[in-house]
Structure formats: C-alpha cells, structure tokens
Novice: 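Structure incoming, see below.
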There are 2 protein chains.
Amino acid sequence: MKDKALINIAIADDHPIMRKGISDIISSFEGFSIPIQANDGRELIEQISKSAVLPDICILDISMPNLNGFETIKEIRKRWSSIKVLALSMYNNEFSIIKMLASGANGYLPKNTNPQHLQRALAAIYYTGYYDSEQAIKNTSGPNQQLKFTEREIEFLCHCCSELSYRQIGDLMGISVRTVEGYRDALFDKLDIKSRAGLVMYALRNGIMPIE
Amino acid sequence: MKDKALINIAIADDHPIMRKGISDIISSFEGFSIPIQANDGRELIEQISKSAVLPDICILDISMPNLNGFETIKEIRKRWSSIKVLALSMYNNEFSIIKMLASGANGYLPKNTNPQHLQRALAAIYYTGYYDSEQAIKNTSGPNQQLKFTEREIEFLCHCCSELSYRQIGDLMGISVRTVEGYRDALFDKLDIKSRAGLVMYALRNGIMPIE
DNA sequence: TACAACTACCGTTATTAAACCCATTTTAAA
DNA sequence: TTTAAAATGGGTTTAATAACGGTAGTTGTA
C-alpha cells in the first residue's frame with residue numbers, strides 16, 4: 001500500500017556529507033524513497049539510465065565536477081522530460097537561480113535552507129510541478145534591484161574576467177573597441193562602478209562567472 | 001562506563017543540512033557525543049559559555065555570518081585553549097587552509113571529504129592533538145606550487161580588489177606608486193599574470209579576498 | 001505607427017596601467 | 001659575514017582604460 005505512494009528522489013551532490021544530510025532529512029519525511037545518489041551529474045545520468053524506475057524528482061547541486069547543475073538539467077530535460085528537478089546551491093545569487101530555472105528547474109533552494117523548506121519544496125514540486133522560490137530570491141546576495149542587463153552586456157562582462165584587452169574582447173565578440181566600451185560604460189552606469197577591476201569583482205561575486 | 005569515554009563535539013555551520021549530515025555521520029561512529037550545534041560562530045561561543053562541560057573538539061565552518069571561522073577560532077583560543085578545532089570549508093584553497101591553521105586550527109578538511117576521513121580526523125585530533133591535512137592541501141585549487149608571497153604583496157593584492165588606482169593604493173599603504181607597481185610586477189611574474197583584472201580574479205578565486 | 005531599447009559605431013582627451021630600465025636600505029638567512 | 005631577498009624609490013615609453021561628446025540601423029512592442 002505504502003510503497004505505491006512513495007515519491008522517488010535522486011540526489012546529485014559532490015559533497016558526501018551534504019548527501020548524507022539531505023538523504024537523512026528526506027528519510028525522516030513520510031512517503032519518500034531515495035533510490036539514487038550520485039557524486040556528480042554524469043554519475044546521476046548513468047544511474048538513471050540503468051534504473052528500472054525513473055525518479056520523480058532530482059535534487060541537483062549546481063557546482064559539481066564532470067556535469068554541473070546547468071549541464072545536468074539540460075541532459076535530464078532532453079532524455080526524461082517527466083522528471084522534476086529541484087536545484088540546490090551554495091551560491092544563492094540571482095544569476096544562478098535565473099539560469100537554473102531557465103534551464104528547466106522546477107524549483108530552487110539555497111543550501112542554507114532548513115528541513116521544513118526542503119519538505120515543502122519536494123511536496124510542491126511533486127504535486128503542483130513547481131516550487132515558488134521567492135524566498136530564495138529574496139535572500140540573494142545578487143544585484144540590488146531589478147537590474148537588467150542585455151545579452152551582450154552579460155557576454156562582455158564574462159570576457160571582462162580575463163586578461164583580454166577591450167580591443168581583444170571586441171575581436172572575440174566581432175565588434176569594434178568603441179562598442180565594447182559602450183557596453184562597459186552602460187555597466188559602469190547601472191552598477192555604479194568605475195573600473196574594470198570593479199566589473200571583475202561584480203561578475204565573480206554574483207556568479208556571472210564561476211569562481212573555479 | 002561508556003559515557004566516560006565519550007568525545008564531545010561542537011558543530012558550527014550555517015547550513016542546517018550540512019549540520020545534519022555532519023552530526024548524523026558522527027553519531028554513527030562509536031564514542032562520540034554532539035552536545036552543541038550552532039548556526040554561526042557567535043552562537044557557538046554563547047553555547048560553549050553556558051555549557052557545563054567544554055566540548056573536546058569544535059568543528060568549524062569557515063564562511064559563516066556573525067563570526068566566521070577565522071574569528072571564531074581566535075575567540076576559542078582566547079577563552080578555552082584546551083578545545084581542539086577542526087576546520088571545514090567549501091573553499092579548499094591553500095590560503096584559507098594556511099590562515100585557518102595559522103589561527104590555531106588542529107586540522108582541516110574540505111567539505112567534499114567522506115565520512116571515513118571525518119572519523120580519522122576527529123580521532124587524530126583527539127588522541128594526538130593534530131590531524132595532518134596533507135591530503136586536503138594536495139587537492140587544493142590554490143596556487144600551483146609553493147608560491148610564496150610577501151606580506152606586502154598580499155596586502156597589495158587585497159587592495160587590488162577595489163576600484164582604487166595604484167596611486168591611491170600607494171597612499172593607503174603609505175608608499176609611492178612606484179613601489180606599488182613593484183609589488184604588482186612581482187605578482188605578475190610569480191603568477192604569470194599580465195593585468196589587474198587577472199590579479200583580481202586570482203585573489204577572489206584563491207580566497208585571498210572573500211567572495212562576499 | 002510611434003517609441004523605447006538594443007546594437008553598433010565614431011572622435012577627443014585625460015588618466016591609468018604596464019613594460020622596461022635602474023638604485024638604496026633594511027632584513028633574513030646561509 | 002657574505003649572500004639573498006624584501007622593501008623602498010626613481011625614470012621613460014607605450015598601451016590600455018575611462019569620461020566625455022555624438023550618429024544610425026534594427027527590433028520589439030504598446
């Protein structure tokens with residue numbers, strides 16, 4: 001009887017201690033089973049492939065070796081569109097949240113969440129297909145308000161985190177230095193920043209560029 | 001009988017899931033008790049103050065609100081020099097390891113450690129007063145080899161992560177621009193970096209400057 | 001269809017950063 | 001005590017960056 005109602009969870013996280021924490025917490029809830037645990041995205045995909053029964057929900061860490069959260073979720077969407085995904089991340093900045101949800105996640109939780117939130121998120125995703133991550137977004141250390149950047153500005157910001165000169169960035173983006181400087185000035189304005197060093201820090205601190 | 005031999009552990013980590021993982025793993029070992037769990041350094045210090053029996057070992061996360069790992073360990077050393085400390089960190093870069101050990105930690109573990117290592121570390125620290133963190137250091141994403149920086153170079157590197165010009169950094173450090181440029185060039189040389197943007201990235205990626 | 005936003009480009013000027021050259025003094029180590 | 005390294009300062013030259021000022025085509029949408 002009971003088995004019939006069990007919600008199957010798969011966990012992918014490269015921190016064994018974290019996996020233990022997540023799985024023990026979920027085990028303490030009623031009606032959940034955790035048939036799959038993986039150390040990274042690639043392992044997760046392999047285990048799901050071999051599994052007789054698909055998990056209902058995958059809990060994905062964002063930063064993992066081999067396949068990170070973003071890559072893993074795309075692979076899952078491609079192969080098993082019915083599987084729901086709950087993203088879990090240390091870096092609760094607006095960008096990784098948006099990117100994760102844009103990649104097809106059904107919900108997002110920062111890692112400093114508590115067991116109650118985890119239970120609520122899993123239930124919401126299972127029964128409604130979606131968990132409102134509002135709270136996670138409210139606590140972000142990300143951009144202050146509704147700062148909007150254009151695609152090209154973000155692209156430029158990423159290239160900024162390198163030793164390329166603006167001229168070289170222009171070559172990479174297929175535009176002139178002047179245009180690059182235009183994007184720079186727009187970002188300076190929006191972010192109240194006055195130097196490239198400031199842009200680099202902004203990008204790294206807000207997860208626009210990965211730390212590692 | 002058994003109680004007599006129990007090793008008391010205190011845990012400070014701002015991630016409830018992580019605390020759950022750590023405590024469940026330790027509970028599965030023989031001879032350990034976890035009387036204290038705190039969400040940050042300040043809470044930990046308060047709880048120890050009120051506690052009748054001092055913990056034998058504190059497990060400290062490095063990045064925490066209120067009192068971070070570095071600050072917490074200094075406070076512990078000041079008040080209760082007998083308490084041993086095991087540092088635990090997401091950012092396993094050489095700098096935070098060195099800084100933690102220099103602050104008085106008896107051992108260091110990266111968070112992607114497994115239960116066996118945790119047990120070994122706790123036992124080693126309790127019985128020998130020290131856990132050889134060699135393995136953690138080997139896996140660091142930090143400086144390639146035994147890169148050595150001088151005090152002033154590190155100081156300069158921190159000021160680099162700002163919008164100050166070299167001239168302003170010189171004013172701050174009480175030296176001329178030329179000298180600042182000297183430190184910059186020394187770092188460029190050692191790190192094979194050619195721009196300030198590169199220095200900023202190096203400092204943030206290696207924990208010389210905090211991400212948040 | 002206006003209008004806003006994004007994209008792309010150009011010029012001028014001042015400041016900063018970077019790539020070299022170099023010397024002196026102090027401190028630490030061999 | 002010689003040697004090495006660190007900390008400090010200087011000069012020159014070139015390249016990159018930053019702060020202004022613009023124009024024009026495209027795209028999306030109210």
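Source: prediction; values computed, not measured. Chain A is the first sequence line, chain B the second, and so forth, proteins listed ahead of strands; every chain is numbered from 1. Hydrogens, waters and symmetry mates play no part in the numbers below; they use all other heavy atoms, side chains included.
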Novice: Over all heavy atoms of both residues, which pair between L44(A) and I11(A) is shortest? Give the atoms and the distance, please.
Specialist: CD1-O, 4.2 Å

Novice: Hey, does the side chain of R196(B) come within less than 4.0 Å of dT16(C)'s phosphate (OP1/OP2), counting only N and O?
Specialist: no

Novice: What's T179(A) touching, base or sugar-phosphate or nothing? Going by heavy atoms closer than 4.0 Å.
Specialist: base

Novice: What is the distance from CZ of F188(B) to P of dA17(C), rounded to the nearest Å?
Specialist: 10 Å

Novice: If you check every side-chain atom of K194(A), which of dT16(C), dA19(D), dG9(D) has the closest atom?
Specialist: dA19(D)

Novice: Can you see if the side chain of Y166(B) gets near the phosphate of dA18(C) - specifically, an N or O under 4.0 Å from OP1 or OP2?
Specialist: yes

Novice: Take atom CD of Q168(B) and atom P of dA18(D), then tell me their distance rounded to the nearest Å.
Specialist: 13 Å

Novice: Rounded to whole Å, how long is the line connecting atom CD of E181(B) with atom P of dT16(C)?
Specialist: 11 Å

Novice: Establish, with yes or no, whether the OP1 or OP2 oxygen of dT17(D) is under 4.0 angstrom from a side-chain nitrogen or oxygen of R184(A).
Specialist: no

Novice: Let me know the distance between CG of L164(A) and P of dA15(D), rounded to the nearest Å.
Specialist: 18 Å

Novice: I need the CD-C1' distance between E163(A) and dA15(D), as an integer number of Å.
Specialist: 15 Å

Novice: Quick check on side chain to side chain donor-acceptor pair (under 3.5 Å): which of T72(A), N39(A), D40(A) does N66(A) satisfy it with?
Specialist: D40(A)

Novice: In whole angstroms, how far is the P atom of dA18(D) from the CD1 atom of I169(A)?
Specialist: 11 Å

Novice: Nearest of dC10(C), dA7(D), dT7(C) to any side-chain atom of S176(A)?
Specialist: dC10(C)

Novice: Are any non-hydrogen side-chain atoms of M173(B) and I169(B) less than 4.5 angstrom apart?
Specialist: yes

Novice: Can you see if the side chain of Y183(A) gets near the phosphate of dC6(C) - specifically, an N or O under 4.0 Å from OP1 or OP2?
Specialist: no

Novice: D185(B) has an atom CG; how far is it from atom C1' of dA7(D), in whole Å?
Specialist: 14 Å

Novice: Under 4.0 Å between a side-chain N or O of T150(A) and OP1 or OP2 of dA5(C)?
Specialist: no

Novice: Answer with base, sugar-phosphate or nothing: what part of the nucleic acid does R178(B) contact at a heavy-atom distance below 4.0 Å?
Specialist: base

Novice: Measure from CZ on F156(A) to C1' on dT17(D) and round the result to the nearest Å.
Specialist: 11 Å

Novice: I'd like to check L157(A) versus L187(A) (side-chain heavy atoms, cut-off strictly below 4.5 Å). Are they in contact?
Specialist: yes

Novice: Atom CZ in R167(B), atom CZ in R178(B): separation rounded to 0.5 Å?
Specialist: 7.5 Å

